[in-house]
Each structure stands twice: as C-alpha cells, then as structure tokens.
2 protein chains.
Amino acid sequence: MSDLSSTSALDQRQKRLEEEVSLEILRTAAGLEHFLAEGLKAHGLTMTQYNVLRILRGAGSSGLCRNDVGARMIAPVPDATRLIDRLISAGYAQKDTNPDDRRYTTTRITKEGLNLLARLDEPILDMHRSQIGHLSSDELDQLATLLKAARNQP
Amino acid sequence: MSDLSSTSALDQRQKRLEEEVSLEILRTAAGLEHFLAEGLKAHGLTMTQYNVLRILRGAGSSGLCRNDVGARMIAPVPDATRLIDRLISAGYAQKDTNPDDRRYTTTRITKEGLNLLARLDEPILDMHRSQIGHLSSDELDQLATLLKAARNQP
DNA sequence: TGACAATAGGTGTTGCAACACCTATTATAG
DNA sequence: CTATAATAGGTGTTGCAACACCTATTGTCA
C-alpha cells in the first residue's frame with residue numbers, strides 16, 4: 001500500500017497544522033468580532049448592519065438592489081430583505097421600487113445613515129488599531145497577503 | 001499643531017492597513033465558518049456544539065463544569081447551560097451534580113459523543129485541507145505565528 | 001398572444017444567541 | 001448560629017439568522 005492511498009505520518013502532521021491555522025483564524029476573528037460588536041452596540045448597530053451601511057455608502061447615490069447587497073457582504077446573507085428593512089426602520093436607508101423593472105427594489109443610504117457612518121469612521125479605525133495595532137507594518141502586510149492567498153483557492 | 005495630536009497622512013495610511021487586515025481576518029474566518037458549518041450540518045451539529053464536544057473530549061472522564069466549558073470556547077459563550085442541554089438531549093453529553101458542592105454540575109461527553117467525534121475527525125481535517133491546504137507549510141507556519149501575535153495584545 | 005420559465009423580492013417558521021434576571025448552594029463574618 | 005456575600009447554574013425574553021416556501025414581475029418561445 002502506497003502513501004498515496006494511506007495517510008502517512010508526515011501528512012497527518014500537515015493536516016494538524018492546517019487545522020491549527022484554521023482555528024487560529026477562527027479564534028482571532030471571534031475576538032475581533034466580539035470587540036467590534038461591543039463598540040457598535042453603543043450606536044444601536046450590529047456588525048451586519050454596519051457592513052450593509054458601509055456597502056450602501058460605497059454604492060453611492062445609485063444604490064443597490066437587495067440581492068447585490070447580500071452578495072457583497074463579508075458572509076453572504078440570504079435574508080437581505082429584513083436586514084435592510086431594519087435599517088429602513090431606523091432611518092438609515094430607504095428603498096424604492098425601480099420603475100423600469102418593478103421586480104427590482106433599489107436601496108440607498110440616507111443622509112442620517114451617512115452621518116452615522118461619518119461619526120463611526122474614526123472610532124472604528126481606533127478599534128481596529130487597539131486590536132492589531134501592535135503589529136508592525138511588515139507583519140500587517142504579510143498577514144494580509146497570506147490571508148488573501150488562503151481565500152484564493154485554486 | 002503637531003502630528004502627535006493631529007492625524008498625519010502616514011498614520012492614516014497605517015490605520016487603513018490595520019482595517020484592511022481586520023477585514024481580511026473576518027472575511028477568511030467567515031468563509032471557513034460557513035464551509036465547516038455546512039459540513040457539520042449533515043451530522044446535525046452546529047459549529048458551537050462541535051466545539052463544545054471537542055472541549056469535553058479534551059477534558060476526559062473528569063468532565064468540566066458548565067462555566068469552564070464556556071470559558072474554553074473560541075468565543076466565550078454566556079449561555080452554556082442551554083447549549084449543553086441540547087447536546088444532552090441529543091445524547092452526546094451527560095451532566096451530574098457534584099455531590100461535594102451541589103452548586104457545580106459536571107458535564108461529560110458520552111460514548112455516543114465520542115463515537116460521533118471519531119467519525120468526524122477525518123472529514124473535519126479534510127475540510128480544513130480543502131480550504132487552506134493549498135498553502136505551503138511555511139506559509140501555514142507564518143500565518144499561525146502572525147495570528148498568535150495578533151491576538152497577543154500588549 | 002398565452003403559457004411557462006426565470007428572476008427579484010417578501011414572508012412564516014424555527015433555532016440559536018445575548019441579555020438580564022432569578023434560584024440554589026456554599027463560604028464568610030459578626 | 002445566623003445574616004449576608006459570593007458563586008454556579010437556570011430561566012424568560014428578545015432579536016437576529018437560516019431555511020423553505022410564496023408572490024410579483026418580466027423574459028421567452030410555441
């Protein structure tokens with residue numbers, strides 16, 4: 001029986017390393033998320049809501065249809081409808097049915113939403129800094145590169 | 001006004017790098033989590049439940065009290081009670097009140113739970129491999145080191 | 001044109017997680 | 001020994017997310 005079909009000791013070691021790195025990624029992200037969520041809570045926003053607002057701000061005045069919002073999220077969100085509805089209730093977004101194709105509903109960020117994001121920009125940067133600001137520029141660069149490579153599966 | 005009180009261009013650039021890395025971490029973790037959750041769902045487990053079972057297996061026959069389980073999780077879980085109760089309902093764990101101090105409830109993994117984990121061990125390793133197995137050993141080592149450094153705040 | 005596929009959005013239900021609060025048991029101080 | 005603090009666990013409620021399914025609108029092809 002060759003090592004192609006069995007699981008060699010070397011391969012086992014490699015697998016454990018892969019698992020360890022996966023767990024490191026999950027742990028680090030969990031810490032970040034917890035910390036950021038805590039900071040956003042003071043402004044009545046969840047991480048998901050904040051990300052949607054960032055996406056809407058990025059989309060500008062032309063807005064986005066709901067599924068496009070879901071597709072651009074960090075984690076694809078199946079239920080963009082009610083997620084956005086909550087932002088609308090809070091006054092941070094608005095929706096309009098597209099008159100050319102009435103299936104589409106364009107969602108835009110409101111002035112209030114923009115104001116809120118503007119107030120949050122610096123605090124958010126400070127939060128990131130407080131979490132990973134002790135890493136050097138080189139380390140940050142390496143980390144970004146490696147993580148991009150990790151997500152870029154062949 | 002000195003650069004100590006204002007925000008210099010260089011510092012702004014550094015802050016954006018920090019934010020980018022944070023987002024990379026969150027994105028990568030979200031992808032991993034989504035993929036792992038998908039695989040675990042076939043066995044009726046959530047990521048959180050799987051992690052609890054791993055922790056209980058690691059604790060061995062002496063078991064752990066509920067708050068200790070919560071403390072060892074990737075993300076601290078405030079509601080360990082009902083989380084563990086679900087595992088007990090599924091037959092993967094059991095709880096016993098400690099006779100010496102009746103405030104404590106020791107939770108242990110059952111034979112069924114161990115069997116389930118044993119069945120999952122290889123598939124889980126394969127899942128990790130399919131996600132980040134294209135990275136070299138060196139890259140994995142660097143990633144693990146950098147992530148540990150990231151979480152190790154001064 | 002008229003049936004039907006395709007696409008975007010909405011809704012009903014369920015389960016889990018977070019928060020706050022409550023109960024039970026033990027330790028401690030007077 | 002009793003009152004009180006401290007600790008572990010449990011519970012009630014709320015909100016969000018996931019899944020499946022449904023509706024409305026448009027495109028396509030006989």
Side-chain angles (χ1 to χ4, degrees), chain A residues 26 29-31 33-53 63-90 92-108, chain B residues 26 29-31 33-53 63-90 92-108:
Chain A
L26 292 173
E33 199 156 347
H34 185 76
F35 185 79
L36 290 171
E38 191 71 18
L40 286 172
K41 199 163 55 180
H43 301 268
L45 285 183
T46 66
M47 278 282 284
T48 316
Q49 290 172 336
Y50 175 72
N51 287 329
V52 168
L53 286 181
L64 283 175
C65 78
R66 307 206 148 186
N67 282 343
D68 282 347
V69 173
R72 293 196 194 188
M73 293 288 288
I74 286 182
V77 175
D79 189 12
T81 297
R82 274 171 289 207
L83 176 53
I84 292 176
D85 282 348
R86 273 171 235 132
L87 290 175
I88 293 173
S89 303
Y92 300 136
Q94 64 183 62
K95 69 173 174 180
D96 299 289
T97 302
N98 185 328
D100 295 335
D101 186 337
R102 295 167 50 76
R103 287 174 299 183
Y104 287 76
T105 307
T106 303
T107 306
R108 292 181 183 83
Chain B
L26 292 173
E33 199 156 346
H34 185 76
F35 185 78
L36 290 171
E38 191 71 18
L40 287 172
K41 200 163 54 179
H43 300 268
L45 285 183
T46 66
M47 279 281 284
T48 316
Q49 290 173 336
Y50 175 72
N51 288 328
V52 169
L53 285 180
L64 283 175
C65 78
R66 305 207 149 186
N67 283 343
D68 282 348
V69 173
R72 293 197 195 189
M73 294 288 289
I74 286 182
V77 175
D79 189 11
T81 296
R82 274 172 287 206
L83 177 51
I84 292 177
D85 282 348
R86 274 172 234 132
L87 290 175
I88 293 173
S89 303
Y92 300 136
Q94 64 182 63
K95 69 172 174 180
D96 300 289
T97 303
N98 185 327
D100 294 336
D101 187 336
R102 295 166 50 76
R103 286 174 300 183
Y104 288 75
T105 305
T106 304
T107 306
R108 284 177 250 267

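Protein chains get the first letters and strands the later ones, always in sequence-line order, with residue 1 at the start of each. Nothing here was measured: the structure is a model prediction, and the numbers come from that model.
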A.B. asks: Can you tell me how far OG1 of B:T105 sits from CD of B:Q94, rounded to the nearest 0.5 angstrom?
C.D. replies: 12.5 Å

A.B. asks: Using a 3.5 Å limit on both pairing distances, list the dot-bracket string of DNA chain C from the 5' end; Watson-Crick and G-U wobble pairs count, crossing pairs take [ ], interstrand pairs take |.
C.D. replies: ||||||||||||||||||||||||||||||

A.B. asks: Not counting sequence neighbours, which residues clear side-chain hydrogen bond (donor to acceptor under 3.5 Å, both in side chains) with A:Y50? List them please.
C.D. replies: A:R54

A.B. asks: Check the distance between C:dG10's C1' and A:I88's CD1 and give it to me in whole angstrom.
C.D. replies: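 From A:I88 CD1 to C:dG10 C1': 12 Å.
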
A.B. asks: Between B:L45 and B:L53, is the side-chain contact (heavy atoms from CB on, under 4.5 Å) condition met? List the steps.
C.D. replies: CA-CA 10 Å; B:L45 285 183; B:L53 285 180; 4.0 Å; yes

A.B. asks: Using heavy-atom distances to pick each residue's nearest nucleotide on DNA chain C, tell me which of A:D68 and A:K41 is more 5'.
C.D. replies: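 Its nearest nucleotide being more 5', the pick is A:D68.
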
A.B. asks: Closest to the A:L83 side chain: D:dT7, D:dA17, D:dA24?
C.D. replies: D:dA17

A.B. asks: Within a strict 4.5 Å, meaning less than it, do heavy atoms of the A:T46 and A:R86 side chains meet?
C.D. replies: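 Contact flag for A:T46/A:R86 side chains = no.
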
A.B. asks: Can you tell me the distance, in whole Å, between the CZ atom of A:R102 and the P atom of D:dT25?
C.D. replies: 5 Å

A.B. asks: Counting only side-chain nitrogens and oxygens, does B:N67 get under 4.0 Å of the OP1 or OP2 atom of D:dG9?
C.D. replies: yes

A.B. asks: Among A:D85, A:D96, A:L87, A:I84, which one satisfies side-chain contact (heavy atoms from CB on, under 4.5 Å) with A:T107?
C.D. replies: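 Only match with A:T107 under side-chain contact (heavy atoms from CB on, under 4.5 Å): A:I84.
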
A.B. asks: Whole Å only: how far is the CD1 atom of B:I84 from the P atom of C:dC16?
C.D. replies: 14 Å

A.B. asks: In whole Å, what is the span from the CG atom of A:L87 to the C1' atom of D:dC16?
C.D. replies: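 So the CG-C1' distance, A:L87 to D:dC16, works out to 13 Å.
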
A.B. asks: Over all strands shown, is B:T81 touching base, sugar-phosphate only, or nothing at heavy-atom distances under 4.0 angstrom?
C.D. replies: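 The residue B:T81 makes base contact.
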
A.B. asks: Taking atom P of C:dG12 as reference, at what distance in whole Å does atom CG of A:D85 sit?
C.D. replies: 13 Å

A.B. asks: Whether B:R82 contacts D:dT13 is assessed here as follows: a side-chain N or O lying under 4.0 Å from the phosphate OP1 or OP2. Is that the case?
C.D. replies: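 Answer is no, no contact under 4.0 Å.
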
A.B. asks: Find the distance between CG (A:L64) and CZ (A:R108) and round it off to the nearest 0.5 Å.
C.D. replies: 9.5 Å

A.B. asks: Are more than 12 heavy atoms from other residues, nucleotides or ligands located less than 6.0 Å from atom NE2 of A:H43?
C.D. replies: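 Count over threshold, so yes.
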
A.B. asks: Return the value, rounded to whole Å, for the distance between atom CG of A:L45 and atom C1' of D:dG15.
C.D. replies: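 Interatomic distance, CG of A:L45 to C1' of D:dG15: 14 Å.
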
A.B. asks: Please compare A:D101 and A:P78 by the position of their nearest nucleotide in DNA chain D and report the one closer to 5'.
C.D. replies: A:P78

A.B. asks: Check this one for me: any side-chain N or O of B:R86 less than 4.0 Å away from OP1 or OP2 of C:dA17?
C.D. replies: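 Result: yes.
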
A.B. asks: Between P on D:dA17 and CE on A:M47, what's the gap in Å once rounded to a whole number?
C.D. replies: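 After rounding, the gap between these two atoms is 11 Å.
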
A.B. asks: When you measure from the side-chain N and O atoms of A:T48 to the phosphate of D:dA17, is any distance below 4.0 Å, counting only OP1 and OP2?
C.D. replies: yes

A.B. asks: Go through C:dA8, D:dA18, C:dG10 for me and flag the one nearest to the A:R66 side chain.
C.D. replies: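 The answer is C:dG10.
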
A.B. asks: Rounded to the nearest Å, what distance is computed from the CD1 atom of residue B:I74 to the C1' atom of nucleotide C:dA17?
C.D. replies: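 About 16 Å, once rounded to whole Å.
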
